[in-house]
Amino acid sequence: MLRQTLVAATATLALLAPAAVAEAGVPDHARASSGITGTWKGGVYGDQGGPAGYPAKVKISKENGELHGKITYPGICSGVWKYRGKKHGWFTFREVITKHASRCVTPVAAKAKRVDGKLKVVWREPQTGDEGHMTAHRV
């Protein structure tokens with residue numbers, strides 16, 4: 001009986017070992033980043049203290065092992081997100097507007113993380129400290 005139990009346990013460990021080894025070699029930020037990649041859309045609120053939102057769409061992808069983003073504020077401006085790192089569970093980016101109307105501020109800090117299947121984004125303008133936020137859904 002003991003021999004059968006040991007054989008079964010060894011077989012189970014042998015089946016699990018490759019997955020555990022593969023998972024161990026992948027950095028935490030690489031595994032978690034797959035959760036924020038994709039195209040997300042929502043409304044930005046709180047910017048300049050305004051209660052009304054304006055639309056935003058962000059596409060986050062992974063190229064050569066690094067996160068990249070493209071941001072669009074339809075009819076207003078667009079730009080890129082440059083990955084800065086991960087801090088306290090947030091993926092941090094520097095947003096640089098590349099095509100804009102005069103009312104877009106650049107550069108700004110952006111941070112994103114998954115919360116209950118949605119993407120939470122917070123922007124902070126470095127000179128004034130003004131913040132905007134969005135809870136976006138995947139499109």
Side-chain angles (χ1 to χ4, degrees):
M1 178 74 166
L2 180 59
R3 182 180 170 133
Q4 287 176 333
T5 304
L6 287 174
V7 169
T10 304
T12 301
L13 288 174
L15 290 173
L16 294 176
V21 170
E23 212 41 33
V26 178
D28 287 341
H29 71 276
R31 281 195 303 270
S33 68
S34 63
I36 69 166
T37 58
T39 303
W40 303 87
K41 191 166 134 180
V44 179
Y45 295 89
D47 189 19
Q48 297 180 352
Y54 55 89
K57 181 178 175 182
V58 62
K59 180 179 181 182
I60 302 171
S61 59
K62 196 170 189 182
E63 299 168 18
N64 298 322
E66 189 166 313
L67 292 171
H68 296 272
K70 292 182 182 179
I71 184 78
T72 303
Y73 304 98
I76 303 172
C77 57
S78 61
V80 295
W81 279 9
K82 297 179 181 181
Y83 183 62
R84 305 293 294 241
K86 191 170 180 188
K87 187 174 184 180
H88 305 294
W90 291 87
F91 294 88
T92 60
F93 299 87
R94 182 173 191 241
E95 180 178 289
V96 177
I97 299 299
T98 56
K99 182 179 176 188
H100 60 85
S102 61
R103 21 185 247 242
C104 295
V105 176
T106 189
V108 297
K111 62 183 182 178
K113 72 176 177 178
R114 285 287 295 276
V115 178
D116 297 328
K118 298 196 183 244
L119 185 73
K120 180 161 177 75
V121 180
V122 177
W123 289 268
R124 182 175 173 82
E125 203 256 286
Q127 291 180 346
T128 65
D130 189 34
E131 285 192 357
H133 60 89
M134 170 176 77
T135 301
H137 63 277
R138 194 182 292 272
V139 292

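All values below come from the heavy atoms of this structure, side chains included, with hydrogens, waters and symmetry mates left out. Sequence positions, counted from 1, serve as the residue numbers for this chain.
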When you compare the side chain of Trp81 with that of Val96, does any pair of heavy atoms fall below 4.5 Å?
no
Cut-off 3.5 Å, no hydrogens considered: what does the side-chain donor-acceptor table look like for residues 70-79, sequence neighbours left out?
residue : atom : partner : partner atom : Å
Tyr73   : OH   : Glu95   : OE1          : 2.9
Tyr73   : OH   : Glu95   : OE2          : 3.1
Tyr73   : OH   : Trp123  : NE1          : 3.2

For Arg138 and Thr37, indicate whether the former's side chain and the latter's backbone hold a donor-acceptor pair under 3.5 Å.
yes
Exactly one of His68, Glu66, Lys62, Arg94 clears side chain to side chain contact (heavy atoms under 4.5 Å, CB included) with Tyr83, and that residue is Glu66
Group every Ile, Leu, Val, Met, Phe, Trp and Tyr by side-chain heavy-atom contacts under 4.5 Å, then state whether Met134 and Val122 land in the same group.
no
Check: Arg114 side chain, Gly35 main-chain N or O, donor-acceptor pair, under 3.5 Å:
yes
Applying a strict under-4.5 Å side-chain criterion to I, L, V, M, F, W and Y, I'd like to know whether Trp90 and Trp40 cluster together.
no
Could you tell me which non-hydrogen atom of Ala136 sits nearest to which non-hydrogen atom of Gly42, and how far apart they are?
CB-N, 4.0 Å
Looking at Ala112 and Phe93, what are the two nearest heavy atoms and their distance?
CB-CE1, 4.5 Å
Under the side-chain contact (heavy atoms from CB on, under 4.5 Å) test, which residues partner Gln127, sequence neighbours left out?
Glu125
State whether the side chain of Thr39 and the backbone N or O of Val139 hold a donor-acceptor pair below 3.5 Å, judged by distance alone.
no
Residue list, side-chain contact (heavy atoms from CB on, under 4.5 Å) with Lys118, at least two apart or on another chain:
Thr135, His137
Which pair of heavy atoms, one from Lys86 and one from Thr92, lies closest together, and at what distance?
N-OG1, 4.4 Å
Hydrophobic clusters join Ile, Leu, Val, Met, Phe, Trp and Tyr when side-chain heavy atoms are under 4.5 Å apart, directly or via other members; which others share one with Val115?
none
Measuring only between side-chain heavy atoms, which start at C-beta, is Ile97 closer than 4.5 Å to Val108?
no
For Arg124, all residues meeting side chain to side chain donor-acceptor pair (under 3.5 Å), sequence neighbours excluded:
Glu131
